[in-house]
Amino acid sequence: MIFLPHIILLLQLLRVIAYDLCYGWDFKDGKYLLYTCFSILLIFVYVVVLCCLHIMPYRDKNQVSLRLKIMKGATRIFRLCFWGILVQPFLYFFRLYGYALVLFSGSGIYTVLFDAVIAFFFYYFLILNGCIRILCTCRSLGVWKRVVCVFFLWMPLVNLILARYLSKRAKIEYDAEVYRFENRRIRADSEVCATKYPIILLHGIGFRDLQYFNYWGRIPTELARNGAILYYGHQQAWGTIEDNALIIKDTIKKVLLENQCDKVNIIAHSKGGLDARYLISGLHMENQVASLTTISTPHRGSELLNILNKLPDPVYRLVASFFDSSYRILGDSTPDCYHASKQLSSEFCETFNETYKDSPRVYYQSYASYVKHTLGDNLLSIPNLLMFLAGAPKNDGLVSIESAQWGHFKKTFVSTGRRGISHGDMIDLKREDYKGFDVIEAYIQIVSELKNSGY
């Protein structure tokens, strides 16, 4: 990768070598014959190596898919290009090709310039190849990130920064996939998530259980792969706690009848945890619910809603009516954005907690997460900043750690990188992998602990 881009200078060097080797030969033009043979061999090797770099996937000791091999190959290309580009100035500075030609006399300077152009495009197209590989194979890149990358992909120097970012994203996804593959191999036929009771997943506010966009990302597929029996609550996106609890109650009855069992486990995210708590204590379903696991649920309200409540009531109702009309089209039967969102305020949750006490017949546990800085999740940067200013320094963009704690508080999830884990990351909203945090593995551990506890 250091000398390969300099095919022009190497050919010039071969001409000098051929002339020296043929010095004193009897037959005419022997040096040109030898030079031609050397040149053909060099060009053949050059083309073969170049094709291998551009076409062939990376050989991997891990048993991974072709997609991951191609993506891993891109990171290898970037690494080779980095060291190759780093060495190039020294090659010219120390005039290591000076033996092949007189660099700054006659036509030598033009040969060197032409060689430099060839070397530039050699690395340029290799970097372009690596970027395209990752853009086509890395699943964690969102649509907008791909659009931005494609826009800057063709710009020299800028694409070096882009290559660095894409290489980092590819490495994180590759390591996570290899880790999952190894775990699948170890857990083969073990059914670590085969709980005693079926699991019902409850989404948060503003979302629905859609067929073609799973609220829970890649999580349900992996849980089912490990033996879990899963169902969805199918509550409304902007339904009140009371209305949603009635829908979940009907869902539970169907699940109990279908599986011939007497209880279910509930895993709820965000407001879904409040829906579930009202279901248990308000609708007296404690005999049908074995456990409730809440993820980032605002049990004590959200500071963000405390701020939004300061808006003039007519403005608040106008915005809420817009959401109601939109979500009726999406399937909500009785959307009530105004009251559903008001139920996430600290004042409402304080009254709610006093009215609906936990049932001793149900096992309650909770988890939280937080982002480490305002730009940790660009979707929740403004809410995170508002909550920080409102006195909740550690929050996931919508819920503080203190508010998410309920029952047996088990853990606060956070990545080892500078980003942290946001409210949406806890349900695999972006389908991304983060350094030091595997959301799929986190849920497998949660469910396997429920199984080991007899639920």
Checking P156 now: which residues fulfil side-chain contact (heavy atoms from CB on, under 4.5 Å) with it, not counting sequence neighbours? F120, Y124
Within residues 194-204 or reaching into it, pairs that qualify as side-chain hydrogen bond (donor to acceptor under 3.5 Å, both in side chains) - sequence neighbours excluded: none
Least distance between heavy atoms, S281 atom then Y356 atom: CB-CB, 4.0 Å
Would you find more than 12 non-hydrogen atoms of other residues, nucleotides or ligands less than 6.0 Å from I382 atom CD1? no
Taking only residues two or more places apart in sequence, or in another chain, which ones meet I132 in a side-chain contact (heavy atoms from CB on, under 4.5 Å)? L128, C136, L153
Just so I know, are the side chains of L308 and Y316 near enough to count as touching, which here means a heavy-atom distance under 4.5 Å? yes
Donor-acceptor pair between T293 and Q365 side chains, under 3.5 angstrom: yes
Can you check whether E350's main-chain N or O pairs, donor with acceptor, with N353's side chain at less than 3.5 Å? no
Any donor-acceptor pair under 3.5 Å from D336 side chain to W238 backbone: no
Is a donor on one side and an acceptor on the other found under 3.5 Å between the side chain of R67 and the backbone of T137? yes
Report, as yes or no, whether the 6.0 Å neighbourhood of atom CZ on R164 holds more than 12 heavy atoms from other residues, nucleotides or ligands. no
Can you list the residues that meet the salt bridge (charged side-chain N to carboxylate O under 4.0 Å, His left out) rule with K171, with sequence neighbours excluded? D175
When you measure from the side chain of H373 to the backbone of R418, do you find a donor-acceptor pair of N or O atoms at a distance under 3.5 Å? yes
Step-by-step salt bridge (Lys or Arg N to Asp or Glu O under 4.0 Å) determination, R218 to D433: CA-CA 11 Å; R218 301 165 292 176; D433 298 305; 3.2 Å; yes
What residue pairs, at least two apart or across chains, pass salt bridge (Lys or Arg N to Asp or Glu O under 4.0 Å) with a residue in residues 224-253? E222-R225
Would you say Y327's side chain and G206's backbone share a donor-acceptor pair under 3.5 angstrom? yes
Output all residues satisfying salt bridge (charged side-chain N to carboxylate O under 4.0 Å, His left out) with D425, sequence neighbours left out; order by chain, then residue number. R419
Taking atom CE of M387 and atom OG1 of T374, what is their separation to the nearest 0.5 Å? 12.0 Å
Side-chain heavy-atom pair N183, Y179 within 4.5 angstrom cut-off: yes
Side chains of N226 and E191, donor plus acceptor under 3.5 Å: no
For S296 and A404 the tightest heavy-atom approach is CA-CB, 4.2 Å
Counting the benzene-type ring for Trp, do F78 and F82 have ring centres under 6.0 Å apart? no
pair L162-M155: side-chain heavy atoms closer than 4.5 Å: no
Rounded to the nearest 0.5 angstrom, the OG-CG distance for S381 and L386 is 11.0 Å
Minimum-distance pair of heavy atoms, taken over all atoms of I219 and D428: CD1-CB, 4.1 Å
Would you find a donor on one side and an acceptor on the other, under 3.5 Å apart, between the side chain of Q236 and the backbone of S333? yes
Under 30°, 30 to 60°, or over 60°: which ring-plane class applies to F207 and Y215, parallel, tilted or perpendicular? perpendicular
Residues two or more places apart in sequence or in another chain: which of them pass ring-ring contact (aromatic ring centres under 6.0 Å, His included) with Y165? none
More than 12 heavy atoms of other residues, nucleotides or ligands under 6.0 Å from NZ of K372: yes or no? yes
In terms of side-chain heavy atoms, does N395 have a donor or acceptor partner in N384 at a distance below 3.5 Å? yes
Under a 3.5 Å cutoff, is there a donor and acceptor pairing between the side chains of Y231 and D209? no
Applying salt bridge (charged side-chain N to carboxylate O under 4.0 Å, His left out), can you list everything that pairs with R300, at least two apart in sequence or on another chain? none
Quick one: do the N306 and S346 side chains pair a donor with an acceptor below 3.5 Å? yes
Are Q405 and T412 side-chain neighbours, meaning at least one heavy-atom pair lies under 4.5 Å? no
Validate the cation-pi geometry between K72 and Y174: distance from NZ or CZ to the six-membered ring centre under 6.0 Å, angle to the ring axis within 45°. yes
Tell me if a side-chain donor or acceptor on S400 pairs with a main-chain N or O of S403 at a distance below 3.5 Å. yes
Within 6.0 angstrom of K410 NZ, more than 12 heavy atoms from elsewhere: yes
Evaluate whether atom CZ of R328 has more than 12 neighbouring non-hydrogen atoms of other residues, nucleotides or ligands under 6.0 angstrom away. yes
Using the ring-ring contact (aromatic ring centres under 6.0 Å, His included) criterion, which residues pair with Y363? Sequence neighbours excluded. H408, Y455
Do P198 and E258 touch side chain to side chain, with heavy atoms closer than 4.5 Å? no
Under a 3.5 Å distance rule, please check whether S369 uses its side chain to pair with a backbone N or O of F413 as donor and acceptor. no
Do the side chains of L223 and I199 get nearer than 4.5 Å, heavy atoms only? no
How many angstroms lie between CD1 in I295 and CG in D396, if you round to the nearest 0.5 Å? 11.5 Å
Y370 meets the ring-ring contact (aromatic ring centres under 6.0 Å, His included) criterion, sequence neighbours left out, with none
Would you call V319 and Y338 a side-chain contact if the rule is heavy atoms closer than 4.5 Å? no
Short side-chain to backbone donor-acceptor contact, N309 and L305, under 3.5 Å: yes
For S291 and L450, work out which heavy atoms get closest and say how close. OG-CD2, 3.7 Å
Between CD on residue Q343 and OG on residue S345, distance to nearest 0.5 Å: 8.5 Å
Taking every non-hydrogen atom, the tightest pair across M426 and V439: O-CG2, 3.9 Å
Under 30°, 30 to 60°, or over 60°: which ring-plane class applies to H423 and H269, parallel, tilted or perpendicular? tilted
N259 side-chain N/O to V255 backbone N/O, donor-acceptor pair under 3.5 Å: yes
L344 side chain reached by C349 side chain, heavy atoms, under 4.5 Å: no
To the closest 0.5 Å, what do you measure between CD1 (I77) and CD1 (I134)? 9.0 Å
Give, for atom NZ of K263 and atom CG of N287, the distance between the pair rounded to the nearest 0.5 Å. 7.0 Å
Quick one about E441 and Q445 (side-chain donor to acceptor, distance below 3.5 Å, no hydrogens or angles considered), yes or no? yes
Residues in side-chain contact (heavy atoms from CB on, under 4.5 Å) contact with E432, at least two apart in sequence or another chain: S140, K145, R169, K430, Y434
Taking all atoms of both residues into account, what is the closest heavy-atom pair of K451 and V192, and its distance? CD-O, 3.4 Å
Which residues share a ring-ring contact (aromatic ring centres under 6.0 Å, His included) with F322, sequence neighbours left out: none
